[in-house]
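Structure record follows, encoded as structure tokens.
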Number of protein chains: 2
Amino acid sequence: MALKFAILGILADFGPQSGYDVKSMFEQGPSHVWTADLSQIYRTLSNLVSEQFVKVEEDTDSARGRKVYSITSEGVAALKNWLSEDYEILPVREPGLLRLYFSSHIPPKRVKEQLRTLKSQLEVSHAEYISMTDAIQHGAQYKPQAAIYWQFTLDMGLQWLQAYIDWCEKTLEKLEELDQ
Amino acid sequence: MALKFAILGILADFGPQSGYDVKSMFEQGPSHVWTADLSQIYRTLSNLVSEQFVKVEEDTDSARGRKVYSITSEGVAALKNWLSEDYEILPVREPGLLRLYFSSHIPPKRVKEQLRTLKSQLEVSHAEYISMTDAIQHGAQYKPQAAIYWQFTLDMGLQWLQAYIDWCEKTLEKLEELDQ
DNA sequence: TTTTAATATATGTATTGTCATATATGCAAC
DNA sequence: GTTGCATATATGACAATACATATATTAAAA
């Protein structure tokens, strides 16, 4: 569901391109809110063509069998329709926190190690997100209105990471106290 | 993967029970970190029996065809093994934020409505999480060590919700400014 | 010149999850 | 007494995703 509209969004924002291009646009763009691998992108593009939300043309210039996908007017309508829908909160799916939930079965020492590992990974992620801000500033020259929303979603990612990092620290402190 | 160990965890913490019971334990317990529907729970229990991590007994007392599942020693070992694994950050999957990412295609007025709806839903969730704290305090009488970890994961849920709510407000303010 | 990496598309398979549906018992309310 | 709800298990169908694999071209590096 979501991937379908992510692809429509990319085609709407950045024009006709190959499935391979869509993948790299994804990586440079909304990868912090959604991800997909190439095989999934190709399959979803096929479905979008069947639904007539996207049309394909063979790229005669390249001998690589390159296909250029572009969004149709029906596709734009479908995208806008989806964008207008109300938000709904989905159930959380955090394998890491699920693990912690049952961690009374392993030694607290191990749990503390895991939390420290998690914290350092989150800090790496946080630094990466910060660097994405530059990419958005760059993109803002071409797509100023869109860039505002890109920054909003990145801000949420940063908030979420910061909250997670703070929680790691606080939880580690609490575990230290319990040891004494 | 995760559900498998969630079920093992529930059987380890709360003893032998039916698939139906596992579902309600889930709802009362780790529903804020993982969810599953009944059909998925039954299928996963079958798999766990095949793997010999769980064993079944027909409940002869009930004419309802009730089956009682219990964790085996191999199951406990598998659970502890999984619990000891390092955390790894998974790619984010937020359909709501994906929507916002491409929202330059719809009027800002609509986006603001969506954010207000989202915020009120998050506030409802937040209140529900707060009330779960009571359930944990109650469970702490029987499972004091486990309850510490339950509270940790719930705290993270609360932090995440609070960060999301704050971000909604901030983002709404920014959208208001842009209108002027 | 050969090898490696990037570009480019596509399918097979397994896993997970969702939703619908079927079936049957036990118990309480009306 | 029958209606409705909670208890209880199970399967079929479908969608999304992940991972492996196959194939072929192009361009740069060794």
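None of these values were measured; they are calculated from a predicted model. Order of the sequence lines fixes the chain letters, A, B, ..., with proteins taken first and strands second; residue numbering starts at 1 for each chain.
Across the protein-nucleic acid pair, A:Q17 atom CD and C:dA8 atom C1' stand 14 Å apart, rounded to whole Å. Rounded to an integer number of Å, the gap from CD1 of A:I41 to C1' of C:dT7 is 14 Å. In this structure, B:K23 atom NZ and D:dA10 atom P are separated by 17 Å, rounded to whole Å. With rounding to whole Å, A:L3 atom CG is found 17 Å from C:dG17 atom C1'. The CG atom of A:L98 sits 14 Å away from the P atom of C:dT16 (whole-angstrom rounding). C:dA14 atom P lies 16 Å from atom NZ of B:K4, rounded to whole Å. Between the CZ atom of A:R93 and the P atom of C:dT15 there is a distance of 18 Å, rounded to whole Å. Rounded to whole Å, the distance from CD on A:E27 to C1' on C:dT7 is 13 Å.
Checking B:F152, B:W34, B:W150 one by one against A:Y101, the ring-ring contact (aromatic ring centres under 6.0 Å, His included) holds for a single residue, B:W150. Of the candidates B:Q121, B:R110, B:Q114, A:D86 forms a side-chain hydrogen bond (donor to acceptor under 3.5 Å, both in side chains) with just one, namely B:R110.
By the 6.0 Å and 45° rule, B:R99 stacks over the aromatic ring of A:Y87.
Taking the charged nitrogens against the carboxylate oxygens, B:D166 and B:K119 have no contact shorter than 4.0 Å, which rules out a salt bridge.
Distances shown here put a side-chain N or O of B:Q40 below 4.0 Å from the OP1 or OP2 atom of C:dG17. Close to C:dG17, at under 4.0 Å from its OP1 or OP2, lies a side-chain N or O of B:W34.
If you check residues 43-56 of chain B against DNA chain C, the residues with a heavy atom closer than 4.0 Å are B:R43, listed by number.
At a cut-off of 3.5 Å, with distance as the only test, a side-chain donor of A:D21 or A:S18 sits close to an acceptor on the other residue. Neither side chain, B:N81 nor B:E85, offers a donor N or O lying under 3.5 Å from an acceptor on the other.
Taking a 4.5 Å side-chain heavy-atom cut-off between Ile, Leu, Val, Met, Phe, Trp and Tyr, the cluster of B:Y20 extends to B:L38, B:Y42.
Here the side chain of B:D37 is nearest to one of C:dC19, D:dT17, C:dT16, namely C:dC19. Across D:dA18, D:dT11, C:dG17, the shortest atom-to-atom separation from the side chain of B:S39 is found for D:dT11.
A:T72 contributes a side-chain N or O that, together with a main-chain N or O of A:Q52, makes up a donor-acceptor pair within less than 3.5 Å.
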Report each atom pair, protein N/O against N/O of nucleotides 5-9 of chain D, whose distance is under 3.5 angstrom.
residue	atom	partner	partner atom	Å
D:dT7	OP2	B:Y20	OH	3.0
D:dT7	O4'	B:R64	NH1	3.3
D:dT7	O3'	B:R64	NH1	2.9
D:dA8	OP1	B:R66	NE	2.8
D:dA8	OP2	B:D21	OD1	3.4
D:dT9	OP1	B:K67	N	2.9
D:dT9	OP1	B:K67	O	3.1
D:dT9	OP2	B:G19	N	3.2
D:dT9	OP2	B:Y20	N	2.9
D:dT9	OP2	B:Y42	OH	2.6
D:dT9	O5'	B:Y42	OH	3.3

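Looking at every heavy atom in both residues, B:F102 comes nearest to A:L83 through O-CD1, 3.3 Å.
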